[in-house]
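All values below were derived from every heavy atom in this structure, side-chain atoms included, with hydrogens, water molecules and symmetry-related copies excluded.
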Amino acid sequence: MGYAQEHIKPYSGEGSKKDQVEQMFDNIAPAYDPLNHILSLGIDRQWRRTAINWLKPFRPQRILDIATGTGDFAILAGRRLAPAQLIGVDISEGMMQVARQKVARNGMEAMIHFQKEDCLRMSFADDSFDAVTIAFGVRNFENLDACLREIHRVLRADGHLAILELSTPVRSPFKQLFAFYSKAILPLIGRLISKDNSAYTYLPETIKAFPQGEVMQGILKKAGFREVGFRRLTMGICTLYMVTK
């Protein structure tokens, strides 16, 4: 059973979704940053700032950034929130190698470090973090419910979870424009720059299949979170979920 996006894999061959997603991100890691900014027209930077601004009044001192990728969210959160410690985790060592280089260039090694973790079974103790963040990674989870329960476990009482995820606009004509862009243009640009024929076909498929808005709100509450709000950004291309344990 599960949710529709859990059964969508980047490649047609054998292997679990987790293993294929790890392979995909290792493959596209060198091209990921420029491609990400091109495909979003640079708006992804503003989305990250919006999520961090929501967290700012809570002054989290220990932050976990899940699906940290190349570390863009972790670095921005480090600059704007100034936590005592920020740990970025991912299943792709290729992506985190890029992230480590960026952190070193920014002189932030004392604050930020990265380690390989599977969100299904993380090595952290209960109630370890004041805040957890996930930017554009939650739709890649192989078991959404189990991963959300694990996030709930490592987040302290009254701690906060910020999730940014790409979504499908609900209003015309933006809904139709986005459908054309994601089906025709996004895979073409992604294929040309990343040289991976599957990665940027997989992306729009998972966006379309992922539970959004009120449905995702219900899933988060089922995982045990006390307060769940959401805000659609840029005509609904992205959604910010604002969650309290």
Side-chain angles (χ1 to χ4, degrees), residues 1-29 32 35-36 39-40 66-69 89-95 116-122 132-153 161 163-170 175 178-191 194-225 228 230 232 236-241 243:
M1 291 294 292
Y3 306 105
Q5 86 288 343
E6 294 176 348
H7 305 290
I8 299 172
K9 300 177 182 178
Y11 307 111
S12 58
E14 295 297 316
S16 67
K17 174 167 180 169
K18 172 183 169 290
D19 290 341
Q20 289 200 15
V21 168
E22 179 180 358
Q23 178 190 345
M24 177 187 76
F25 281 116
D26 282 345
N27 289 345
I28 66 174
Y32 181 81
L35 188 49
N36 200 32
L39 291 173
S40 72
I66 294 175
T68 194
V89 300
D90 207 290
I91 58 172
S92 169
E93 278 290 351
M95 295 286 273
K116 188 171 183 176
E117 293 277 351
D118 182 350
C119 190
L120 274 172
R121 291 170 295 276
M122 292 188 283
V132 176
T133 58
I134 315 169
F136 316 115
V138 73
R139 73 182 181 284
N140 296 318
F141 290 171
E142 193 168 37
N143 186 325
L144 179 60
D145 285 335
C147 287
L148 291 175
R149 288 194 298 269
E150 182 70 348
I151 292 165
H152 186 275
R153 180 186 70 79
L161 165 65
I163 298 174
L164 279 172
E165 192 49 83
L166 297 170
S167 48
T168 305
V170 294
K175 179 179 179 179
F178 182 77
F180 173 75
Y181 175 77
S182 62
K183 188 173 181 178
I185 298 172
L186 189 152
L188 175 62
I189 297 172
R191 189 162 57 245
S194 73
K195 310 301 181 188
D196 188 304
N197 290 330
S198 300
Y200 288 87
T201 303
Y202 163 82
L203 173 63
E205 287 176 357
T206 54
I207 296 170
K208 187 176 179 181
F210 188 75
Q212 299 175 19
E214 290 84 359
V215 178
M216 183 61 175
Q217 191 175 35
I219 291 168
L220 285 156
K221 287 184 176 178
K222 186 175 75 171
F225 292 99
V228 183
F230 68 92
R232 290 188 172 95
I237 294 176
C238 179
T239 303
L240 168 63
Y241 298 91
V243 186

Could you measure the distance from the [atom1] atom of [X] to the [atom2] atom of [Y]? Nearest 0.5 Å is fine.
{"X": "Ser194", "Y": "Asn27", "atom1": "OG", "atom2": "CG", "result": "8.5 Å"}
{"X": "Tyr32", "Y": "Leu35", "atom1": "OH", "atom2": "CG", "result": "9.0 Å"}
{"X": "Ile219", "Y": "Leu148", "atom1": "CD1", "atom2": "CG", "result": "8.0 Å"}
{"X": "Lys18", "Y": "Cys119", "atom1": "NZ", "atom2": "SG", "result": "11.5 Å"}
{"X": "Tyr3", "Y": "Asn143", "atom1": "OH", "atom2": "CG", "result": "8.5 Å"}
{"X": "Phe210", "Y": "Leu144", "atom1": "CZ", "atom2": "CG", "result": "5.5 Å"}

For the side chain of Asp196 and the backbone of Ala199, is there at least one donor-acceptor N/O pair under 3.5 Å apart? yes
May I ask you to decide if the ring planes of Phe230 and Tyr241 are parallel, tilted or perpendicular, using 30° and 60° as cut-offs? tilted
Salt bridge (Lys or Arg N to Asp or Glu O under 4.0 Å) contacts in which one or both residues fall within residues 138-152, not counting sequence neighbours: Arg139-Glu165, Asp145-Lys222, Glu150-Arg153
Single hit among Val228, Ile66, Thr133, Leu220 for side-chain contact (heavy atoms from CB on, under 4.5 Å) with Leu161: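 When side-chain contact (heavy atoms from CB on, under 4.5 Å) is applied between Leu161 and each of Val228, Ile66, Thr133, Leu220, only Leu220 qualifies.
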Considering only distance and modelled atom types, tabulate donor-acceptor pairs under 3.5 Å from the side chains of residues 19-26, sequence neighbours left out.
| residue | atom | partner | partner atom | Å |
| --- | --- | --- | --- | --- |
| Asp19 | OD2 | Ser16 | OG | 3.3 |
| Gln20 | OE1 | Tyr11 | N | 2.7 |
| Gln20 | NE2 | Tyr11 | O | 3.4 |
| Gln20 | NE2 | Gly13 | O | 3.0 |
| Gln20 | NE2 | Glu14 | O | 3.4 |
| Glu22 | OE2 | Lys116 | NZ | 2.7 |
| Asp26 | OD1 | Ser92 | OG | 2.6 |
| Asp26 | OD1 | Gly94 | N | 2.9 |

Whether over 12 other heavy atoms sit under 6.0 Å from Lys208 NZ: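 Atom NZ in Lys208 is not packed in, count stays at 12 or less.
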Is there a side-chain contact between [X] and [Y], using heavy atoms and a 4.5 Å cut-off?
{"X": "Asn140", "Y": "Ile91", "result": "no"}
{"X": "Ile151", "Y": "Ile134", "result": "yes"}
{"X": "Cys238", "Y": "Leu164", "result": "yes"}

Please tabulate, for the side chains in residues 179-191, all donor-acceptor contacts under 3.5 angstrom to protein atoms that are two or more places apart in sequence or on a different chain.
| residue | atom | partner | partner atom | Å |
| --- | --- | --- | --- | --- |
| Tyr181 | OH | Leu39 | O | 2.5 |
| Ser182 | OG | Phe178 | O | 3.0 |
| Ser182 | OG | Ala179 | O | 3.2 |

Return the minimal non-hydrogen interatomic distance between [X] and [Y], and the atom names on each side.
{"X": "Val138", "Y": "Met216", "value": "CG2-CE, 4.3 Å"}
{"X": "Thr239", "Y": "Arg232", "value": "OG1-CG, 4.1 Å"}
{"X": "Pro211", "Y": "Gln5", "value": "CD-OE1, 3.3 Å"}
{"X": "Ser167", "Y": "Gln212", "value": "CB-OE1, 3.5 Å"}
{"X": "Gly137", "Y": "Ala67", "value": "CA-CB, 3.8 Å"}

